[in-house]
2 protein chains.
Amino acid sequence: MSRGTKRRSYHHGNLRRALIDAALELVSENGPHGFSMREAARRAGVSSGAPYKHFPDRDALMRAISAEGEQRLLAAMDEEMARAGTEPTARFRAMGIAYVKFAVANPSYFRVMTMPEYLDAEQETTIQGQEDAVHAIISSAQASGAMTADDPRVVSLAAHCLVYGLARLFIDGHLARDGIGPQQAEAVATAVTGVFGRGLVPRKPDQ
Amino acid sequence: MSRGTKRRSYHHGNLRRALIDAALELVSENGPHGFSMREAARRAGVSSGAPYKHFPDRDALMRAISAEGEQRLLAAMDEEMARAGTEPTARFRAMGIAYVKFAVANPSYFRVMTMPEYLDAEQETTIQGQEDAVHAIISSAQASGAMTADDPRVVSLAAHCLVYGLARLFIDGHLARDGIGPQQAEAVATAVTGVFGRGLVPRKPDQ
DNA sequence: AGCACAAAGTAAGCGACGCTTCCATTTGTG
DNA sequence: CACAAATGGAAGCGTCGCTTACTTTGTGCT
């Protein structure tokens, strides 16, 4: 039931979803700061106590958004990587670019997801799994001779820093000062990962 | 006048500073979330209305912290770069490592500084100046043949992403999961910037 | 069908917070 | 030494997170 349409029944129907959507709206309008349980309830057309039937407290709602955003991010990355084929370094790069694209396309989710106070244990294990997948790709690339034999943890960490940092600079508007908007996100991500990737190309005597 | 010592005079002496210090304490204890004007006033031993004689509102206090942190960061970076000598690529790398070291050593300042809502115009121009300095170093390195002829803006951006991302991962505790603590910050920063820097080394035929 | 019960809503209230207003005290200055 | 500016205190407004007590609605069981 969307905002504005008066609900006819005493029960809302899907208040949980409506609250999450309202919260995302508020985050996108006023930043994570500007979200309140009461305002979300107001937008969902229910009393100020109703949200607490679905979320024990404010942080629980934020954590729900964080988890939901993470699922969407993983789905987006899987999709892009399927498109990227099987070559490990191509997959590696596609993963990074997909990350940045997701952040720029879903700033509200990204903002909430990246607040450490809203990470629960389940999400941490998901992240750990994702890190393991990255390590596997790196090892595979190294085994095939397509990548330098650096410590995979260092390569993984550096790549993580790069894409996370880029995403944040976009989200926080630090690039808008330089006239770089969201529509240039993919091009910028491509350029930046290109420079970084060059440091991972082995130097063979014959080239 | 430090917390706990009762002040004897009606006037505090340096309430502005005491409030900033209390705010930093609160941020370090409970995150940026956990700071309130009233609690800061309480810790400074002053009524809840007193802070508003020094800061028009909560955000102004945060902005003051942000600006102060930025000054300290610039000072720390200047110092490290003086130690790094004159070779441009060494200076470039020292700058990045100094950035990460500052963040890890001053997490409360860093947290507040990196909230975009607390950046005022003056600080943005300072940042712009810092970016210009980075561009100058890059151009210098390129001119001397010590760095690839990439678009300096791309190199600068990638480096910024890298160190900012690394600092954030430290501050937000994402690396603690992997057993990486603050005392390893410099080593990790050195490793990560090493991999990145390799992509900026020109490939000459004779090597 | 009818009914007990769980789920999901409302109303009202508590304490904390941001901020304002008005008043009290102190202090630098002519 | 008078006085204005600076600084602090007291009290109050509206909002917020969250709780408690009560009401309404849907559901499963007999």
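Residue numbering restarts at 1 for every chain, and letters A, B, ... go by the order of the sequence lines.
The CG atom of N30(B) sits 15 Å away from the C1' atom of dC17(C) (whole-angstrom rounding). Note: CG (L19(B)) to P (dT7(D)) measures 12 Å, nearest angstrom. N14(A) places its CG atom 16 Å from the C1' atom of dG26(D), with the value rounded to the nearest Å. Atom CZ in R16(A) sits roughly 13 Å away from atom P in dG9(C) (whole-Å rounding).
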### Query
When every nucleotide of nucleotides 16-21 of chain D is labelled 5' to 3' by its protein contacts under 4.0 Å (heavy atoms), B for base, S for sugar-phosphate only, - for none, what sequence of letters results?
BBBB--
### Query
Should E68(A) and R16(A) be marked as a salt bridge (charged side-chain N to carboxylate O under 4.0 Å, His left out) after you check the CA-CA gap, both sets of side-chain angles, and the distance that decides it?
CA-CA 13 Å; E68(A) 190 172 293; R16(A) 187 187 156 90; over 6 Å; no
### Query
Passes salt bridge (charged side-chain N to carboxylate O under 4.0 Å, His left out), D178(A) versus R153(B)? Steps please.
CA-CA 10 Å; D178(A) 305 338; R153(B) 293 172 305 173; over 6 Å; no
### Query
Under the salt bridge (charged side-chain N to carboxylate O under 4.0 Å, His left out) criterion, do E117(A) and R111(B) qualify, and how do the steps go?
CA-CA 13 Å; E117(A) 59 266 42; R111(B) 271 182 161 92; over 6 Å; no
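In this structure, the nucleotide among dA8(C), dG8(D), dT10(C) sitting nearest to the side chain of H54(A) is dA8(C).
Residue-level contact check: A50(A) touches the bases, meaning some heavy atom is under 4.0 Å from a base atom.
No hydrogens or angles considered: nothing links the side chains of E70(B) and T126(B) as a donor-acceptor pair under 3.5 Å. Side-chain contact, S140(B) with R91(B): no donor N or O sits under 3.5 Å from an acceptor N or O.
R58(A) places a side-chain N or O within donor-acceptor distance of the main-chain N or O of F35(A), the cut-off being under 3.5 Å.
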